[in-house]
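Residues take their numbers from the sequence shown, with the count starting at 1. Both counts, for ligands and for their atoms, begin at 1 and track the order of listing.
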Amino acid sequence: MKALVLHGPDDFSIEEVPTPRPVGDEVLCRVKAVAICGTDPKIVAGKFPGMWPPSFPAIIGHEWAGEIVAVSDDVKASAKVATKYAVGTRVAGEAHKGCGICLNCMTGHYTVCLNYGDNASGHRHYGFTSQGAYAEYIVSSIKSVTPLPEGLAYAEAAMLDSAGVALHGVQRGRVATGDSVLVTGPGAVGQFSFQYSRASGARMVVMIGRGPRLAFAEKMGAIGVDYEKVDDPVARVLELTDGVGVDCTVECAGTQQAIDWAIKATRKGGRLVMNGLPTSTIEVPWGPMTLAELDILGVRANPNTAGPALALMANGAVTTEGIHTHTFPLSEFGEALATFVERRDGAMKVVLEP
Ligand SMILES: [Zn+2]
Ligand SMILES: [Zn+2]
């Protein structure tokens, strides 16, 4: 098969490599669409030495959808399983597959598997510590593929990673009917966080951001607060919430400024979901946060959200339109990566078709 092979930092090419074979609980899938994740350019640039990938050569990419083309003997063994994951089934992939035996996996928290990175335990992190989807084919555990609802295109289903992370964050934040929500950072995860909050019954969703991405969120129905145009974005959020702040903030920027706004704009006793990945140098005002009794909720990836995330896309409650902006053949990975990183022509999510 053809695959994008990484040989070292910023050193990649399309090459012919052996097609993997499904064993155990795995199926072989023909990758039809794979989206570039915000983490991918950092992996390509070698920002996680020895971790992602653990060694070279490596095939990364984890936001994919495709079709099952072969199944292992184990998958065939159960008629029920074989029917659900039959050859020809259209599926979307998930990056994390837990070991299945640690406390966290046993209680459903497999994205924080205690055996992370230990492939011998059964753990997989496709596109990070195991072969990924920038290739014609990928083998995946059936635990990490979800059959697509009818009518959902592969390119839409490839948004599952961003969408599922957003939905997981909204669920972590216990967004309920009638809640007021603030989203900071109108990138793909921010846009989906707004849409899943609305689908969860939020009475209003305020988005802090700027430029065309904020304008897009406003067009979709969010209340935009442009931090380049207003003196104090927090004051504006307080104004919109009778001076008390929002019930839940979903922070999707990961910057010092956004985190400061997020803390100040959340009401006392509210929830603050950390969906942007802050760097270790960010300073947090622990005192005010403690006295406000904020619930701070970490988010890692998209556990147990694939089914509902895809269903809400399929029924129209959530749309990838305007979020998926560009499509390239896998052979033009370099061009696609530059388009994504430089946000050329308003690029938000860029999809490759192997
Ligand atoms: Zn991703
Ligand atoms: Zn585990």
- [ ] Examine distances only and state if a side-chain atom of Thr111 and a backbone atom of Asn302 form a donor-acceptor pair shorter than 3.5 Å.
- [x]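 No, Thr111 side chain to Asn302 backbone: no donor-acceptor pair under 3.5 Å.
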Open item on the list: Under 2.8 Å from the Zn ion (ligand 1), is there any N, O or S atom belonging to Glu63?
Closed with: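 Short answer: yes, at least one N, O or S atom is under the cut-off.
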TODO: Rounded to the nearest 10 degrees, what's the angle OD2 of Asp161 makes with SG of Cys37 at the Zn ion (ligand 1)? Could you check?
DONE: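 With the Zn ion (ligand 1) as the vertex, OD2 (Asp161) and SG (Cys37) sit 140° apart.
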Task: Backbone or side-chain N/O/S of His123 under 2.8 Å of the Zn ion (ligand 2) - done: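 Given the 2.8 Å cut-off, His123 does not count as a ligand of the Zn ion (ligand 2).
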Task: Whether Tyr116 and His123 hold their rings parallel, tilted or perpendicular, with breakpoints at 30° and 60° - done: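 Tilted.
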- [ ] Anything under 30° is parallel, anything over 60° is perpendicular, the rest tilted; go ahead and classify Phe128 against His125.
- [x]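 Ring orientation, 0 to 90° scale: parallel.
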Task: Short side-chain donor-acceptor distance under 3.5 Å, Gln191 and Tyr196 - done: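 No, no side-chain donor-acceptor pair sits under 3.5 Å.
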Task: Angular separation of Cys99 SG and Cys113 SG about the Zn ion (ligand 2), given to 10° - done: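 Result: 100°, to 10°.
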